[in-house]
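The structure appears right after this line, and notes come after that.
Order of the sequence lines fixes the chain letters, A, B, ..., with proteins taken first and strands second; residue numbering starts at 1 for each chain.
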2 protein chains.
Amino acid sequence: MIQKPRGTRDFLPAEMTQRRFVEQKMRSVAAGFGYGEIVTPMFEEQELFTIKSGEGIINEMYAFEDKGGRKLTLRPELTSAVLRAYVNEAQMAPKPLRWFYFAECFRYERPQKGRYRQFWQFGSELIGADSAAADAEVIALAYELLKCSGVRFVLKVGHLAPMKHLLSDLDAPSQKQVMAALDKRDMDLLETTLAALDRSDLFEPLKVLVTAKTLPEIFAVTGDIPEKTRIEETFGYLEAQNIPFEQNFGIARGLDYYTGMVFEGFADNLGAENQILGGGAYRLAHLFGGKDVPSCGFGIGFDRVMVSLGEFSLETKPAAAVICTPETRIPAYKAASSLRSAGITAVMDLLDRGFGAQLSSALKSGASFAVVIGEKEAAAGTITLKNLSTAVQTEMSLESAIEVIHGSCR
Amino acid sequence: MIQKPRGTRDFLPAEMTQRRFVEQKMRSVAAGFGYGEIVTPMFEEQELFTIKSGEGIINEMYAFEDKGGRKLTLRPELTSAVLRAYVNEAQMAPKPLRWFYFAECFRYERPQKGRYRQFWQFGSELIGADSAAADAEVIALAYELLKCSGVRFVLKVGHLAPMKHLLSDLDAPSQKQVMAALDKRDMDLLETTLAALDRSDLFEPLKVLVTAKTLPEIFAVTGDIPEKTRIEETFGYLEAQNIPFEQNFGIARGLDYYTGMVFEGFADNLGAENQILGGGAYRLAHLFGGKDVPSCGFGIGFDRVMVSLGEFSLETKPAAAVICTPETRIPAYKAASSLRSAGITAVMDLLDRGFGAQLSSALKSGASFAVVIGEKEAAAGTITLKNLSTAVQTEMSLESAIEVIHGSCR
């Protein structure tokens with residue numbers, strides 16, 4: 001038997017209904033913020049991702065050569081692709097550009113629980129605005145997107161400037177070591193790393209970045225760095241919008257890539273693999289041959305959001321099984337068509353079954369009503385509406401039946 | 001500058017809005033027929049497609065080996081993938097299964113106008129029903145999907161039985177030659193092909209398959225073949241649903257794959273590359289290691305439908321630019337949030353611009369209204385609503401503004 005490729009999934013209708021329901025809510029929130037959808041190709045030149053993330057990423061990507069010898073890869077993330085599209089097609093458009101995407105990404109790694117080789121991200125990129133208001137808008141959008149899904153989560157917001165300030169007299173490799181320890185919130189590792197660099201004096205101030213709960217504590221350690229006002233404004237705008245968040249100035253998210261504000265989100269119920277959001281301010285366009293432009297964006301791990309939500313009940317569209325005989329199929333077609341026009345799912349038998357088998361199949365299918373058209377109804381121009389929950393049945397006009405079905409679903 | 005891969009496209013928001021609008025209409029039609037969505041992986045084992053279409057298809061696919069040496073390919077079509085998923089996961093489910101998909105496919109060929117290496121199909125597969133009603137339902141669904149999009153098209157319906165009957169004493173390679181000519185409706189090629197096979201006697205009856213406009217003409221040539229009643233019933237059910245179609249018993253669509261009813265759709269305004277629909281009854285599950293099951297489905301070329309439609313005007317969601325000063329940003333956030341909750345797109349300035357620049361940007365953005373919150377309004381707890389078409393502005397409560405904005409979009 002041919003199987004699906006390792007680490008991939010098939011989604012059957014019950015699961016897709018739930019996924020599309022959450023996706024639609026997210027689309028609606030993004031539209032409310034004035035973000036428009038962008039779609040880029042499923043594969044890109046490998047170079048696009050190695051420029052951003054280094055050659056090492058090739059080992060984690062579905063990289064392949066096409067028959068023309070071009071080095072391509074299934075996209076591992078969208079930010080690079082979206083900025084590439086911006087450079088190719090939209091550099092001249094009025095700023096800022098507000099874009100969102102809902103897109104499949106691919107990674108080549110050992111499949112494990114909750115991590116698949118094909119996964120979905122809902123994300124956005126704000127291009128061409130560099131302000132506290134821009135930072136706050138992107139964080140607010142990420143927050144509202146997660147909130148609308150129903151997932152329970154914690155939002156953490158920081159900024160790279162305080163950390164960069166404290167580490168400014170270390171060389172780049174030492175900075176990276178220290179930041180990795182901070183990003184993991186591993187204080188033991190941080191302490192030994194600093195000791196090895198003979199900079200144990202940095203331990204207490206760096207610890208404050210991770211543990212402090214207020215901005216004054218941060219600036220007590222860093223002094224009045226140039227980014228102080230911007231950070232205070234951003235936090236103020238978030239508070240003005242009643243967005244609950246924890247500050248964390250230990251978030252590193254890769255120093256080379258992000259340039260200022262950074263934020264992350266964690267689901268309450270996912271154990272160790274609980275990060276469902278990551279984002280921040282960055283600059284990439286110039287690396288892809290474009291003009292330098294400030295940008296800010298995030299990606300939401302849609303699959304993890306769905307795992308966190310679990311199964312939930314959905315209001316389903318009203319549904320009716322149209323039941324007929326071989327002789328009454330023609331009026332039954334007209335009834336099905338009218339039901340569909342009225343927004344009611346109408347399903348007809350395709351297996352030439354008798355009345356009893358059609359009714360029992362309708363019951364199993366989860367339809368709420370059967371619209372029965374026997375020879376009597378066909379002759380009278382009526383239908384018999386059977387409520388499949390109560391088994392009550394009444395002969396009536398199709399128009400009345402449509403009213404009853406709609407009424408029952410309110 | 002890094003470019004998108006050859007033969008692929010980026011879609012910016014204006015185009016995506018149009019594509020999603022048509023997609024949503026199609027989803028709604030499919031739901032009305034009781035079809036549920038299925039999603040399969042972007043890549044599959046190569047074998048899945050070579051079993052169905054022969055080794056030759058490898059040259060037309062994005063085939064690659066992953067690092068584990070597995071021969072994979074970006075999917076060139078969905079029917080095989082959907083049937084593979086059926087065999088893997090849903091053989092035991094009650095029949096029939098009504099599934100639809102909206103999915104990217106990939107082909108490796110020289111890019112040309114209207115043919116891209118990544119393209120979209122909207123399609124469906126009905127699994128486990130083998131009846132005239134099943135055939136008619138699938139054709140009706142395809143028809144309604146195209147109709148709801150607004151595309152102007154011709155639907156052609158046939159069945160392989162009459163052709164198979166006439167060609168039954170030819171060997172398989174000869175059958176293929178003759179069918180290729182018929183499928184192209186190339187009567188000169190048909191005549192020379194038959195002459196070379198020394199079967200010119202078949203020319204007139206085969207020509208009837210392509211040219212006849214009524215079923216009696218077909219059965220006058222073939223006699224009472226076993227499929228006669230089934231074909232008459234299918235056509236009768238389509239007529240009962242007022243589905244306009246032309247009969248064409250010259251449609252071949254690959255003898256090895258399709259087993260009975262076949263149909264195609266052609267857009268009125270696309271020139272030579274005008275096929276936008278292809279489908280029919282087939283059997284594939286047993287080739288993938290499953291139990292034999294009758295199936296019937298189709299794919300719609302979504303990109304060509306969009307080309308055929310051209311640009312069209314869309315009712316857009318009401319949109320307002322919320323205009324504020326640095327001092328009134330906090331009440332402005334509350335206003336934006338209330339507007340969004342009321343289903344109105346609300347966009348705020350992110351570039352710390354003055355009133356005038358914010359207004360002129362709002363005008364350019366296509367927003368219908370500006371919701372202005374200066375210091376006066378902030379102090380009074382009001383807003384000034386400016387209609388950007390008429391330039392009329394009035395101070396009022398935010399609640400009244402929401403009513404006015406909604407009222408203007410009805």
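- Heavy-atom distances place no part of Leu97(A) under 4.5 Å from chain B, backbone and side chain included.
- Listed here is the closest heavy atom pair of Met1(A) and Gly289(B): CE-O, 3.9 Å.
- The candidate with the highest count of non-hydrogen atom pairs below 4.5 Å against chain B, out of Tyr62(A), Tyr35(A), Tyr237(A), Trp99(A), is Tyr237(A).
- Note: Ile2(B) CD1 to Leu83(A) CG = 11.0 Å, rounded to the nearest 0.5 Å.
- Of the residues considered (Phe64(B), Phe100(B), Tyr108(B), Tyr86(B)), Tyr108(B) shows the highest number of contacts with chain A, using heavy-atom pairs under 4.5 Å.
- Using a cut-off of 4.0 Å between Lys/Arg side-chain N and Asp/Glu carboxylate O, Glu233(B) and Arg329(A) are scored as not salt-bridged.
- Taking 4.5 Å as the limit, every side-chain heavy atom of Glu104(B) sits out of range of all side-chain heavy atoms of Val39(A).
- Val347(A) and Phe33(B) get closest at one heavy-atom pair: CG2-O, 4.0 Å.
- Separation of atoms CD (Glu89(B)) and CG (Leu12(A)) is listed at 5.5 Å; rounding is to 0.5 Å.
- In this structure, the side chains of Glu144(A) and Arg340(B) stay at 4.5 Å or more apart for every pair of heavy atoms.
- Pro41(A) touches chain B through backbone and side chain together, each having a heavy atom under 4.5 Å away.
- By number of non-hydrogen pairs under 4.5 angstrom with chain A, the leading residue of Val87(B), Val82(B), Val29(B), Asp135(B) is Val87(B).
- Note on Asp66(B), Leu287(B), Ile330(B): by heavy-atom pairs under 4.5 Å with chain A, the leading option is Asp66(B).
- If you measure heavy-atom distances from Glu37(A) to chain B, the contacts under 4.5 Å come from both the backbone and the side chain.
- Side chain of Gln118(B) to backbone of Met42(A): a donor-acceptor contact under 3.5 angstrom is found.
- Neither the backbone nor the side chain of Ala319(A) comes within contact range of chain B; no heavy atom of the residue lies under 4.5 Å from a heavy atom of that chain.
- A distance-only check finds no donor-acceptor pair linking the side chain of Thr345(A) to the backbone of Gly34(B) [under 3.5 Å].
- For Arg70(B) against Arg117(A), the heavy-atom pair with the smallest separation is NH2-NH1, 3.6 Å.
- Nearest heavy-atom pair, Lys334(A) versus Ala240(B), reported as atom, atom and distance to 0.1 Å: NZ-O, 3.5 Å.
- Only the side chain of Gln241(A) comes within contact range of chain B, with at least one heavy atom under 4.5 Å from a heavy atom of that chain.
- For Lys52(A), the side-chain contact (heavy atoms from CB on, under 4.5 Å) criterion is met by Glu77(A), Thr79(A), Ser80(A), Tyr257(A), Leu284(A), not counting sequence neighbours.
- Contact detail for Lys4(B) and Glu44(A): the closest heavy-atom pair is CA-OE1, 4.2 Å.
- Residues of residues 13-20 of chain A lying under 4.5 angstrom from chain B, judged on non-hydrogen atoms, are Pro13(A), Met16(A), Arg20(A) in numerical order.
- For Leu339(A), no part lies under 4.5 angstrom from a heavy atom of chain B.
- Side-chain atoms of Ser131(B) never come within 3.5 Å of backbone atoms of Leu351(A) as a donor-acceptor pair (strictly under, hydrogens ignored).
- When each of Arg84(B), Met348(B), Glu239(B) is scored by its heavy-atom pairs under 4.5 Å with chain A, the top score falls to Arg84(B).
- Counting heavy-atom pairs closer than 4.5 Å to chain B, the top-ranked of the candidates Glu45(A), Arg98(A), Lys364(A), Glu47(A) is Arg98(A).
- For chain A, the option among Asn88(B), Leu48(B), Thr40(B) with the highest count of heavy-atom pairs below 4.5 Å is Asn88(B).
- Nearest heavy atom pair, residue Ala136(B) against residue Tyr333(A), reads CB-OH, 3.8 Å.
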